[in-house]
Amino acid sequence: MRSLYLAAAIAFLIDQASKYVVIFGLELWRIRTIDVLPPLLNFRYGENRGINFGLFDGGSDTSRWFLIGMALVICLAVFVWVRRTPMGVWAYASAGLLIGGALANVLDRLIFGYVLDFLNMSCCGINNPFVFNLADVFIFAGAIGLVFLSPDSKAQTEKGQ
């Protein structure tokens, strides 16, 4: 379980630090775009009031609090699940990445009313209009890690019989 707490703290801190440095330190909020390694990596300022890729972007205070509540419920559910299920260190770390990333985005919603996004990646003549942040990367990596590293419940049930 220690790897869960450590991964969550690291994901949370890296995401928040990256947003502070890029958005406020480099003043991305003001200049809106910085080409880092075009077209592969660019910084583009974004305010996400919905979920991934701006889906369910209602912009209302009700939707904001709904998304905060939903993220907290999911974090709690993942935490309870991994506490009750014996897992390896990497599965616990994956859960920590997911929880830490989600909580970092929750903090953004609490402070700003939206999630700060700044990463944009395009390639091969395709112009990607979407922006994301490192918390999104941690959430995705954590979810994928849990899919591949958590114990197979069917196999566990068969072993117990």
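FYI, side chains are in, hydrogens and waters are out, and symmetry mates aren't considered; it's all heavy atoms of this structure. We count residues from 1, following the sequence as given.
Val21 and Val115 end up in different hydrophobic clusters when Ile, Leu, Val, Met, Phe, Trp and Tyr side chains are linked at under 4.5 Å. The hydrophobic clustering, which links ILVMFWY residues whose side-chain heavy atoms are closer than 4.5 Å, places Leu134 and Leu37 together. In terms of hydrophobic clustering, with Ile, Leu, Val, Met, Phe, Trp and Tyr side chains grouped at heavy-atom distances under 4.5 Å, Leu98 and Val73 are assigned to different clusters. Hydrophobic clustering, with ILVMFWY side chains joined whenever heavy atoms are under 4.5 angstrom apart, keeps Trp90 apart from Ile10. By the criterion of side-chain heavy atoms lying less than 4.5 angstrom apart, applied directly or through intervening Ile, Leu, Val, Met, Phe, Trp or Tyr residues, Phe66 is grouped together with Ile74 in one hydrophobic cluster.
Between Phe79 and Leu4 the shortest side-chain heavy-atom distance falls below 4.5 Å. By the 4.5 Å heavy-atom criterion applied to side chains, Tyr92 and Leu149 are not counted as neighbours. The closest side-chain heavy-atom distance from Leu110 to Trp65 is below 4.5 Å. Side-chain contact between Leu41 and Asp35: absent, with no pair of heavy atoms (C-beta onward) separated by less than 4.5 Å. In this structure, the side chains of Pro151 and Thr85 come closer than 4.5 Å at one or more pairs of heavy atoms. When side chains are defined from C-beta on, Leu107 does not count as touching Asp15, because their heavy atoms never get closer than 4.5 Å. Asp136 has its side chain within reach of Asn105: a pair of non-hydrogen atoms, C-beta onward, lies under 4.5 Å apart.
Remark: Val80 pairs with Leu76, Arg84 by the side-chain contact (heavy atoms from CB on, under 4.5 Å) rule, at least two apart or across chains. Under the side-chain contact (heavy atoms from CB on, under 4.5 Å) criterion, Ser122 pairs with Pro39, Asn120, Asn127, Asn128, not counting sequence neighbours.
To the nearest 0.5 Å, atoms CD1 (Ile68) and CE (Met70) are separated by 11.0 Å. Summarising the geometry, atom CD belonging to Glu47 is positioned 11.5 Å from atom CH2 belonging to Trp29; distances are rounded to the nearest 0.5 Å. In this structure, CG on Asn42 lies 10.0 Å from CD1 on Ile34, to the nearest 0.5 angstrom. To the nearest 0.5 angstrom, Asp108 atom CG is 7.5 Å from Ile23 atom CD1. Expressed to the nearest 0.5 Å, how far CD1 of Ile111 lies from NZ of Lys19 amounts to 9.5 Å. The line from CE of Met87 to CE of Met1 is 9.5 Å long, rounded to the nearest 0.5 Å.
Ser3 places a side-chain N or O within 3.5 Å of a backbone atom of Val89 that can act as its donor or acceptor partner. Side-chain atoms of Arg109 never come within 3.5 Å of backbone atoms of Arg64 as a donor-acceptor pair (strictly under, hydrogens ignored).
Counting non-hydrogen atoms of other residues, nucleotides and ligands closer than 6.0 Å to CZ of Arg32 gives a total above 12. Atom CZ of Phe112 sits in a crowded spot, with more than 12 heavy atoms from other residues, nucleotides or ligands closer than 6.0 Å. The 12-atom threshold is exceeded at OH of Tyr114, counting heavy atoms of other residues, nucleotides or ligands nearer than 6.0 Å.
Minimum heavy-atom separation, Ala135 to Ala104: CB-CB, 4.1 Å. Shortest non-hydrogen contact noted between Leu119 and Asn133 is CD1-C, 4.0 Å. When every heavy atom of Gly145 is checked against every heavy atom of Ser94, the shortest pair comes out as CA-OG, 3.4 Å. Ala141 approaches Leu97 most closely through the heavy-atom pair CB-CD1, 4.5 Å.
Taking the six-membered ring where the residue is Trp, Phe118 and Phe43 present perpendicular rings, their angle passing 60° and hence far from 30°.
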(message) Checking Leu72 against Leu103 for the side-chain contact (heavy atoms from CB on, under 4.5 Å) test, could you report, in this order, the C-alpha distance in whole Å, the side-chain angles of both residues, the deciding distance, and whether it holds?
(response) CA-CA 7 Å; Leu72 293 174; Leu103 292 177; 3.7 Å; yes
